[in-house]
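The next block holds one structure in the form of structure tokens; read it before the comments.
These figures come from a predicted structure and were not determined experimentally. If you read the sequence from its start, that first residue is 1, and numbering goes on from there.
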Amino acid sequence: MKRLISFVICIVALSMIIPQEANAQKKKKEKKPFVWVLPELTGNDSFDEYLLKCDTLNTRIHQYCDNITFYEVAEIHVIDENGEKEINYHVVDSLGNLRSSNKAFIQNLNLILAYPSLASEMALMAACTASATTALPSLGLKAMSYGKYLKAGPKIIEKGGVEMKKIYKKARTQAKQIKALKAGKIDDVKALNAEINTSDMEAGTATMRVIEMQKTDYEAEFSKITKEDEENPVAQDDIPEEEV
């Protein structure tokens, strides 16, 4: 009898432990990342307008965030044939090649100017989501399968908004840095470099990059970027006030 009671107690205990372990495993599972795919349109003008706005906004956010090359300002140690060193400061790419400061500034300025329009579109998406919610019942049987898309707008805004804000702030700081570089304000360049790297988790350092170049190589690259700067003049270097 004692063995039977012990056996029953074990079974009860296991029945309580196993579900808890299963629930713990479920909680540990990471959520799948949200990926927007435009579904087939429903034929309902209000709901389809919402779907198309989601698609357009998602595309614009990706265009804003993807395929952007952020450069950095580096301290270039130019070594001549006698081993003498001259220190200059230039915009460089990830491989340490000199890059046109004008082109880098213009890219950052374009990112800064594009941000307010996209931010406004994201703000208007809330009203469009409300209209789509009202229109959902009129879809009839389709309402069950299309209801999940009501969450798409807020998810696109949440995901894109965070990334866009990060890029926007970095673009502002880098534009200020390049402007200071062009004006020869090296102390400001170094201070802004520290600000960029401190806020950039991937950089992990506030130290300015140092690159050594032989004088002949430096002169060749300098000649190239000088020509690019001349071909890409900066119309205006005023940086707009920061959007809240």
Where the side chain of [X] meets the backbone of [Y], is there a donor-acceptor pair that is under 3.5 Å apart?
X	Y	value
Glu75	Tyr89	no
Ser120	Pro116	yes
Asp80	Lys215	no
Lys53	Cys128	no

May I ask you to test the [X]-[Y] pair for a side-chain heavy-atom distance under 4.5 Å?
X	Y	result
Tyr149	Cys54	no
Asp188	Leu181	no
Ile157	Leu57	yes
Leu41	Leu52	yes
Lys227	Glu231	yes

Mind checking who shares a hydrophobic cluster with [X], ILVMFWY linked at side-chain heavy-atom distances under 4.5 Å?
X	answer
Val162	none
Leu124	none
Phe222	Ile76, Val78, Val92, Leu98, Ile211, Met213, Tyr218, Ile225
Ile79	none

Restricting to salt bridge (charged side-chain N to carboxylate O under 4.0 Å, His left out), what partner residues turn up for [X], sequence neighbours left out?
X	value
Glu221	none
Asp93	Arg99
Glu121	Arg60

By side chain to side chain contact (heavy atoms under 4.5 Å, CB included) - contacts of [X] (at least two apart):
X	value
Thr173	Leu192, Glu195, Ile196
Lys103	Ser100, Glu228, Asn232
Asp238	Lys179, Gln236

Checklist entry - Taking only residues at least two apart or on different chains, which pairs with a member in residues 51-80 satisfy ring pair (Phe, Tyr, Trp, His ring centres under 6.0 Å)? => result none
Next on the checklist: Side-chain heavy atoms nearer than 4.5 Å, only ILVMFWY residues, links allowed to pass through others: does that put Leu141 and Phe47 together?
Outcome noted: no
Next on the checklist: Test: side-chain hydrogen bond (donor to acceptor under 3.5 Å, both in side chains). Region: residues 126-148. Which pairs qualify, not counting sequence neighbours?
Outcome noted: Asn44-Ser138
